[in-house]
Structure formats: structure tokens, C-alpha cells
Student: 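Can you read through this structure? Questions will come right after.
Here is how names work: the chains are called A, B, and so on, in the same order as the sequence lines, proteins then strands, and each is numbered from 1.
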Amino acid sequence: MTTLRSGCSSSISLEPRVRPLRIVNPMPEKPYDHNQIELKWCERFSGANLFEVAEDPARPKYYLLEMLPYPSGTLHVGHIRNYTIGDALARYKWMRGFNVIHPMGWDAFGLPAENAAIANKRHPREWTLANIEKMKAQHRRYGFSYDWSREVSTCEPEYYRWNQWFFLKMFEKGLAYRKKALVNWCPECATVLANEQVVDGCCWRHESTPVEQRALEQWFLKITAYADELLAAIGELEGGWPERVLTMQRNWIGRSEGAEVDFTLAESGRKVRVFTTRVDTIFGATCVILAPEHALVEELCGAEVRAEAKRMIDARATKGPGDIEKEGAFTGLYAESPFGGGAVPVWIGNFVLTGYGTGAIMAVPAHDERDLEFCTKYGIAVKAVIRPVEGEAPEGVAFTDDGIMMDSGEYTGLTSAEGRKRMCERAEREGFGKYAITFRIKDWGISRQRYWGTPIPMIHCAACGTVAVPEKDLPVVLPINIQITGRGRSPLENVPEFVNVSCPQCGAAARRETDTMDTFIDSSWYFYRYCDAQNANAPFDSAKIAYWFPIDQYIGGVEHAILHLIYSRFFTKMMRDLGLIANSEPATRLFTQGMVIKDGKKMSKSVGNVVSADEMAERYGTDTARLFALFAAPPEKDLDWQFSGVEGAYRFLARVYRFVTRNADTARTARATGPANEADKAALRKLHQTLHRITEDFDSRWHFNTSIAGLMELMNELYEHESEITPGAMATLLPDVVLLLGPFAPYLAEELWEELGRTGPVCKQAWPAFDAALAVEDSVEVVVQVNGKVRARITVPNGTGKEELEAAVLADGRVKSHTEGKQIAKMITVPGKLVNIVVKG
RNA sequence: GCCCGGGUGGCGAAACCGGCAGACGCAACGGACUUAAAAUCCGUUUUCUCGCAAGAGGAGUGCGGGUUCAAGUCCCGCCCCGGGCACCA
């Protein structure tokens, strides 16, 4: 792992259009010099690894994780927002006494490095390591609370050897396998993509590049072996994960219960197996439709039909996003349902998917909209076999609900549910079908025809076939001396010393697998490695996992809802079944933060609206950047990055700085006491109200924008009473103010803590204790409504009872003017808040 | 089409269990300080009507209904924006 300098550099180049904030100070007091303060503390903490943690059974643990970044080279304020949310929480949890593990690392393999290498003639490794160094320096400058001793970089052999190790374990268990299949090919990436990485028919990284279908030999991971559990366990995540992420995963897994049944072809007697969720409608099936790729097309159909099928396949391979028109062709064949009812024609149809179910369906136009559309187009009969339990079936459209079976032989009169049950039972009994569950999710294709990734530890031997690299030979190291041209096939094919090996089984000359792994493998288990990052003998020590896992809070973008987050859940279950870990889910809570918007658009390099972390640090300071990131919107919502708002955040911090520094002497020398006058009382009351509010925000909904608004209100209150607050109260107040500021503006808090004569990092101090007695108001304003309209406000002592309050209200002159001469029908009284008088006449 | 979010001042937003709509910040305007400006501090700022004024009255949370003493919040029906799913049989 690379060792880096402290990262506290201030020599960051600025773009010319950026005007540094000028600090001109005619006032006799100390100005808020953010650079001086932040660099001082950054430097002072640089050698310490302040947030290093170890297992400690005596303390409650808290595993806080932000999704590991791709080392693109620069942090922008979108990253800053993400990390600031986590950092504020980490600091709060530290102060509440938790043993907080908060790690950071680099998702360092991937295409951008390779593309950069082609463009700039730099080696991907060199480019990646330089980027990591740059970004780590930026992290340090921001002072995020990471335990850097746990840093992980996925492009290092020390890390990716365990990708290979997991792959071998899965290969042994049959969870990793190779097959020729139609796969998604992105011409832009020049590689294969997994299904999860295709969005609207296009590559997830190249949103306007349609993926093509190619038939290739590929490695797959059997995520479908866990489909049932991945779906069922979503229930356990409920409440902790955002509902929409769980919905997306449910949709993606797509479990359907139904039946498989064999139709029998006339003459040949061959069987066509179809999958249906509505076997109760089988007496309404008026044709069977095969996917154009279906094996029987090639076997039994004439040249004309085969040509038509090929045309459909080709058309589908190049289809862009959007719908395709239903097309079909009659095969000349007829088939009969196992439940009888006569032979129906067999068609091929372009809308029947080869990779789902059995690749063949029975069409029931009366009870399925798609089938109706197809059959109407080709003049195929429509036969209703289900009627509604009550009322009439609708005219002209498919009746798709469950109902009562009719014209269905011995099943006539049964409910759909009962019919399905009995028909499945009979199918199993007589061997022409079975009860069946089909999933939408498919196995995870992980082969990539690219260089900058984990080599797949396999060897192809002419005699022995595909042979695993023995565990003792791991890691299969990615060769460094290599030509990357961006042309042709995987660059590894041109490295003879990598490709040419001897077979581990027979010793004969053999070829090494040259595809590399999907980089989503790297990020599927990195959070386990954090718990034991230096382990050279195993991916990790299971005892350490048992202490730290599961992740208590995971924070990241919603764009990974069905990519990283489903792969990670799969890996966790796979690792559990290898006996390596005890937990079945990686994270109990997930938080998806909103995007950062600038000029109405998502911040991105291609739009050119990126605000860099360096620019913010230099011009306003990292505390200001963090404060604004939390203040401008609640964390789950999108945030508009406006510099005028940033200025406001800066002004607030400067205001805090001036207040604390000019009262620091008083606070340091006086003995801390309780309130001695009305100003003290008001100040301490506001302090404890604010403390209560912020604590609530941390413990429940993370609305740090209101936490910070509370701090601003507190400062406004302190400014108002500044001259009257007694030294003793000031000595009580100021340390707590600084502690409350700590999670949001850590450098400033540190500086002010020192100004107050205290030592030790603020984040290791105890969170202030809430005193309800100090927070309580002496008097409250009660709103008086007459017929629901606010007519007066009266101030009464806090705790005034119902009767007393009502008497006071009725005695009020303004109230009388609205009730005079009218009959009071009733009074609704909410003590401490409101009285509503309902009058008549 | 279906399923989630969301729609509140000039702007970002707040109002957590139905109880003062607009906290806090930005922008704008005014005042203090200054030779002046910046910075700072203090104030005004949803809107309309009446009033010289203190003040008084009305309207107002996408639109239309409803429940309630009371609705941004709950219910019914729409409109718009964002996201997800969508030939998965």
C-alpha cells in the first residue's frame, strides 16, 4: 500500500476565475483565518491516525461505511457531501462512546484507467496510483475521520488474490461456471457487460451506446442459486433500507410462481414445454409460441421459417431502447395441451424471450393482453375460459384477473387458485409437467475482455479441459509490461509469458484464461477486508468479522441499488456458506444520499459544472464546505450548490469564531456556574434546547440542515445577550457550544477548544449531557383562535392548567371583542399551545 | 400503463403526532459604523385591502371537493415534476 505525505498541502492551484475570499480586518479582534486554522490542525493530526480502532468487546461497536470511490483523480463537492454525512455521524458516535470503525479505500480497477492509458500513454497502474495519492491528500485536507491503517486498494495483488481465491471456492462448489451464451457487448467499452449493467438497452457508462448481443464463452457466477434467499431476506432489511431500493431488488429478482407443462406436437409426438403462471387458463390457449432461438425451430421447421427466426434474432440483437412491434410466423406445426382440447397452431414470436422460463409460451388471448395483441394481429382464435366471480367480463379487452373457470372440462366451476393447484398436482402425478418457480434474475456474467482487472485464475488445457489454478499459486499476478492499444481482443492475449503455462494437472503446455473479472467483484466484499486489511494468509480473520459485522450504517448513491448492493448481498451469503462469516446480510441500514446539482444539472465532468473539493478548501475552507453540504438540504434530497449559500455558511463560522475567541479569556478564567441572571438563563436554555434538537437529529432522521439552523439560532441568541452573560455562565456555555459544533466543523471546533484552554481532540470528548430543567421555558405564548382564526396571543407561565388558561383567555380584551354578544358553543384547549373558542350567532 | 418520491415566499428550505404556515440561511432593501467602500452589527422582507400612523381586515402551502373546533399535514378525484419497473408469460 502506498505511503503518502500528510496531505495538508495548501499549494493547490486555483482556476483564474476563482477569487479567494479576502480577509481584511480593521477590527481589533482576531479574524477567522480558515486556512491558517485548518492547515495547523491537519498538520498536527497528520502523524496520529486519530481514528485508528481495534476490536474492544467492552465497548459497543459501530461500523460506518461510505461506498468506496473510484480513483478518478479529483474529489468534487458531490463526494464531499457523501463523506461529510458519514463523518458527522462518525464523530457523533465517537462522542457517544461507540467504538467506531470508519474505513476508506479505492475501487482501483476499471476501464477509465485503461482508457486514460490509451489516451495519454501512461500505464493504468501509474495513473491509478497517482490519482489515489491525489485523492488521499484531499481526504486528509478535509480531515475525514477514517482509520487509514485499514486502507484497501483493489488493484493490489494483496487484495485481488482474494478475488481469485473466492472464485476458486465458487468454482469448487459449482457456483462459478463457464458457458457459451448470448451476452451484452458494449462496443464503446469493447467488453461484455452483466445484465445489471445494461440500462434501457444501453451501457450503464455510455448511456447512448446500445449494447449488442454476442454469443461468447463466458464465466458466470451462480447468483440464481441464491435468488430465493436474496428475495426472502429483503424482509429483514425492511425499515433499515430505503423502500425503493428494496422494491428495485424485488423487481430485479422477479420471482414468479406457476407451472411448466408439456404440449405434444402432432405427428412427431415431440414435447414443447411451456412456463405459465396461469395454468388455470390452459383451456383458453389458442396457440403455442416459441422464442425464435428455440431449439425446435432449428430442428423441425422449414427453411423459410428458420430464415424468419434468424431475421427476428438479428433485429432483436440491434434493437435500441423502447418497444418492438410484435411479430410472428406460423411454423406449420400443431400441438395439443396435456389437458386435452385439440391441437393448436405453433408459432414463433419475437416477443417470447429465450432466456426466461422455457423459451416457449402458450398464448391465452382472452386472459392476457400481450397474447390478445398477438392473436388479434394474426387472426388467431380467442376463447374465454375464466369469468369474474361477480358481474360480467369486460368486452374487447383481456380479462386478466383470477375468477371462476369455465369450459375447462373437469375443472369447470373451480376458482382460478383451486384449479391451478389441482392441475399442477395432476401434471406431477402424470409426469407431463410440474409446479415451477421462475426468476427474472440471471447468472452474473463476470468475464471482461480488458486488461485492468483481476485475472481469472483458470487454465485451458487441451487434454484436461478447464483447470483451476492451484490455491498455492495465487495470486495470478496481472503482468505490468504490456501494450495497451485499445484494439483487438484482451491485451493479455499478447503477453506470452502470461498466456503460456503448463497444465497444473498433466503438465502439458496450456493457455491461461485471458479475461479479467468484472470490477463489481472487487466491491462485493471489500468491507470485510477492512476488518483485517493486512492479513496475508486469508481474506480476513473470521473472529474480527464477528466483532465488527454487520455494517451498522452504509451510505452511498441509489444508482447502485441493483448493481453493487445485490452483488454484495450475494457475496455475503456465499461467504457465509463457505463458513467464513456468520452474518447473512452485509448491512442492517442503508442510506442513499441525494445528488449535488449545479446550474440545474447533475455535477459531471462532461457538463463542465464540477466544483472541485480543492477550490472549496482554498477559497472557503473545508469546514465551510462541510457545513454548507449539510445545511443546504436534508441529506436524502438533491442539493443545489450555490456559492451565495456557501458564503452564508462561511459567515456563520466566522461569527462563531469571533464570539468564542473574544469571550475565551472570560470562559477560561471564570469558574463554570449555573445561570445568575435572565440573560444567562436565556442563553443556557437555548443551549440545552439546541443540544436536545441536534441529538434527536443524529439519533433519528439526520436532518442536519435543521441541526445547523439550531446552532445558528443559538448563536443569534448569544449575540443578543453577549454583554449581559456572566463569566460563570460563559464558562459553562462555551465548551458545550464548541462540542456541538464538532461534528459539523471539526477544524474550527478544535481551534476553539484550544482557545478555551482545553486539550485533546474534540471528537474524543463526551457529548454534552442534556439538562431538561435548564431547557424548560418560564412562560409560553398561547394562540387564541375564535372559530379557527387567530385573534390574539397571550403569554402565560409555563405549565398553566386548562381552567386557569381558559379564564385568562376569556378575560383578554381582544378576545372579548370577538365573542361579545355571542354564545360560546365550546372551547378546545391545548395547554401551552392553543385555545380555540367556537362561537355561535 | 403500474409502483415509489415530490410540488410551500424572489431562491435553498422549516413546520417530526392534525394545533401560530414560512424557523434558519441566501438575495433584496433600510439603518449604525466609515472620508468612502468592504467587512461587521441592528432592522424590514408571503401577498392584497383600508389607514398619516399604531393598527385592523381578507387571501394564501399545485388544482377541485370532503372530514374536523382546527388541514401544508388525513380522505376522495385530478394536474405537473423526478425516479424505478414495463412484452418476464
Student: Determine the Euclidean distance between corresponding P atoms of B:G30 and B:A38; express it in Å to zero decimal places.
Tutor: 12 Å
Student: Need the glycosidic conformation of B:G18: syn if within 90° of 0, anti if not. Which one?
Tutor: anti
Student: Does A:D371 reach a base, just sugar-phosphate, or nothing at all? Heavy atoms under 4.0 Å.
Tutor: nothing
Student: So, is A:R658 near the phosphate of B:C41, with a side-chain N or O under 4.0 Å from OP1 or OP2?
Tutor: yes
Student: What's A:F631 touching, base or sugar-phosphate or nothing? Going by heavy atoms closer than 4.0 Å.
Tutor: base
Student: Using only modelled atom types and a 3.5 angstrom limit, is any donor from either the side chain of A:N836 or the base of B:C69 paired with an acceptor on the other?
Tutor: yes
Student: So which nucleotide from B:C24, B:A15, B:G19 ends up closest to the side chain of A:N716?
Tutor: B:C24
Student: Tell me if the aromatic rings of A:F374 and A:W347 count as close, with their centers under 6.0 Å from one another.
Tutor: yes
Student: Rounded to whole angstrom units, what separation is found between the NZ atom of A:K637 and the C1' atom of B:G12?
Tutor: 9 Å
Student: In whole angstrom, give me the gap between the C1' atoms of B:A39 and B:A54.
Tutor: 36 Å
Student: Centroid separation under 6.0 Å, is that true for the rings of A:F704 and A:F698?
Tutor: yes
Student: Take atom CD of A:E559 and atom P of B:G83, then tell me their distance rounded to the nearest Å.
Tutor: 13 Å
Student: Just checking A:T247: base, sugar-phosphate only, or nothing, at a heavy-atom cut-off of under 4.0 Å?
Tutor: nothing
Student: Does any non-hydrogen side-chain atom of A:R662 lie less than 4.5 Å from one of A:E722?
Tutor: yes
Student: Tell me what A:H367 touches on the nucleic acid: a base, only sugar-phosphate, or nothing, going by heavy atoms under 4.0 Å.
Tutor: nothing
Student: Please confirm whether the shortest side-chain N or O distance from A:H818 to OP1 or OP2 of B:G57 is below 4.0 Å.
Tutor: yes
Student: What integer distance in Å separates A:E369:CD from B:C87:P?
Tutor: 13 Å
Student: If you measure from the C1' atom in B:C79 to the same atom in B:G64, how many Å do you get, rounded?
Tutor: 11 Å
Student: Taking the side chain as C-beta and beyond, is there a heavy-atom pair between A:T358 and A:E260 under 4.5 Å?
Tutor: yes
Student: So what does A:E373 touch, heavy atoms closer than 4.0 Å: a base, only the sugar-phosphate, or nothing?
Tutor: nothing
Student: I need the CD-P distance between A:Q823 and B:C69, as an integer number of Å.
Tutor: 16 Å
Student: For the side chain of A:S408 and the backbone of A:M405, is there at least one donor-acceptor N/O pair under 3.5 Å apart?
Tutor: no
Student: Which stems, defined as runs of 3 or more consecutive Watson-Crick or G-U wobble pairs with both pairing distances under 3.5 Å, involve RNA chain B?
Tutor: B:1-7 with B:79-85, B:10-12 with B:24-26, B:28-32 with B:40-44, B:46-50 with B:55-59, B:62-66 with B:74-78
Student: Can A:N184 and A:Q213 be said to form a side chain to side chain donor-acceptor pair (under 3.5 Å), step by step?
Tutor: CA-CA 5 Å; A:N184 311 295; A:Q213 299 296 307; 3.2 Å; yes
Student: Reckon A:T706 has a side-chain N or O less than 4.0 Å from the OP1 or OP2 of B:C24?
Tutor: no
Student: Could you pull out the closest heavy-atom pair between A:V786 and A:V839, with the gap in Å?
Tutor: CG1-CG2, 4.0 Å
Student: Hey, does A:K789 reach any base, or is it just sugar-phosphate, or nothing, if we go heavy atoms under 4.0 Å?
Tutor: sugar-phosphate
Student: Hey, does A:E696 reach any base, or is it just sugar-phosphate, or nothing, if we go heavy atoms under 4.0 Å?
Tutor: nothing
Student: For A:H703 and A:E636, does a side-chain donor sit closer than 3.5 Å to a side-chain acceptor?
Tutor: yes
Student: Can you work out whether A:R255 or A:N251 has the more 5'-proximal nearest nucleotide on RNA chain B?
Tutor: A:N251
Student: Looking at the side chain of A:E713, which of B:A15, B:A27, B:C24 is the nearest nucleotide?
Tutor: B:C24
Student: Side chain of A:L834, heavy atoms from C-beta onward: which of B:C4, B:C20, B:G12 has the nearest atom to it?
Tutor: B:C20
Student: Using the C1' atom on both, measure B:G65 against B:G57 and round to a whole Å.
Tutor: 27 Å
Student: Just wondering, do A:D371 and A:E373 contact through their side chains at under 4.5 Å, heavy atoms?
Tutor: no
Student: Just to be sure I understand the rule, does A:V558 reach a base, reach only the sugar-phosphate, or reach nothing, if contact means heavy atoms closer than 4.0 Å?
Tutor: nothing
Student: Given B:C41, B:A14, B:A13, identify the nucleotide with an atom nearest to the side chain of A:A633.
Tutor: B:A13
Student: Send over the distance from A:W641 CH2 to B:G12 P, rounded to a whole Å.
Tutor: 17 Å
Student: Out of B:C69, B:C42, B:A21, which nucleotide sits closest to the side chain of A:V790?
Tutor: B:A21
Student: Where is the tightest heavy-atom contact between A:V272 and A:A360, given as atom of each residue plus distance?
Tutor: CG1-CB, 3.9 Å
Student: Using the P atoms only, state how far B:G77 lies from B:C2, rounded to an integer number of Å.
Tutor: 12 Å
Student: A:Y719 has a side chain; which of B:C41, B:A89, B:C24 sits nearest to it?
Tutor: B:C41
Student: Report the distance from atom CZ of A:R440 to atom P of B:G84, rounded to the nearest whole Å.
Tutor: 14 Å
Student: Reckon A:R651 touches a base, only the sugar-phosphate, or nothing at all at heavy-atom distances under 4.0 Å?
Tutor: sugar-phosphate
Student: Using whole Å, what does the distance between atom C1' of nucleotide B:A86 and atom CG of A:D368 come to?
Tutor: 14 Å
Student: Across the strands shown, which category fits A:G357 at heavy-atom distances under 4.0 angstrom: base, sugar-phosphate, nothing?
Tutor: nothing
Student: For residues A:F275 and A:F263, establish whether the separation of their ring centroids is below 6.0 Å.
Tutor: no
Student: Start at the 5' end of RNA chain B and walk down; is the nucleotide closest to A:N787 or to A:V783 reached first?
Tutor: A:V783
Student: Is the base of B:C74 syn or anti, if syn means a glycosidic angle within 90° of 0?
Tutor: anti
Student: Give A:E243 one of three labels, base, sugar-phosphate or nothing, depending on what nucleic acid heavy atoms sit under 4.0 Å from its own.
Tutor: nothing
Student: Considering just the side-chain nitrogens and oxygens of A:N705, establish if one lies under 4.0 Å of OP1 or OP2 belonging to B:A14.
Tutor: yes
Student: Which nucleotide, B:A89, B:A13, B:C11, lies nearest any side-chain atom of A:Q642?
Tutor: B:C11
Student: Between B:C3 atom P and A:L246 atom CG, what is the distance in whole Å?
Tutor: 18 Å
Student: Is the distance between the ring centroids of A:H34 and A:Y650 less than 6.0 Å?
Tutor: yes
Student: Could you tell me how far B:C87 sits from B:G82 if I compare only their C1' atoms? Round to whole Å.
Tutor: 25 Å
Student: Nearest to the side chain of A:R655, which nucleotide is it out of B:G25, B:A89, B:C42?
Tutor: B:C42
Student: Between the base of B:C20 and the side chain of A:K833, is one N or O donor paired with an acceptor at under 3.5 angstrom?
Tutor: no
Student: Please give the distance between the P atoms of B:U61 and B:U8 as a whole number of Å.
Tutor: 11 Å
Student: Closest approach to the side chain of A:R791, judged atom by atom: which nucleotide of B:A89, B:C69, B:G57 is it?
Tutor: B:G57
Student: Determine the Euclidean distance between corresponding C1' atoms of B:U68 and B:C78; express it in Å to zero decimal places.
Tutor: 23 Å
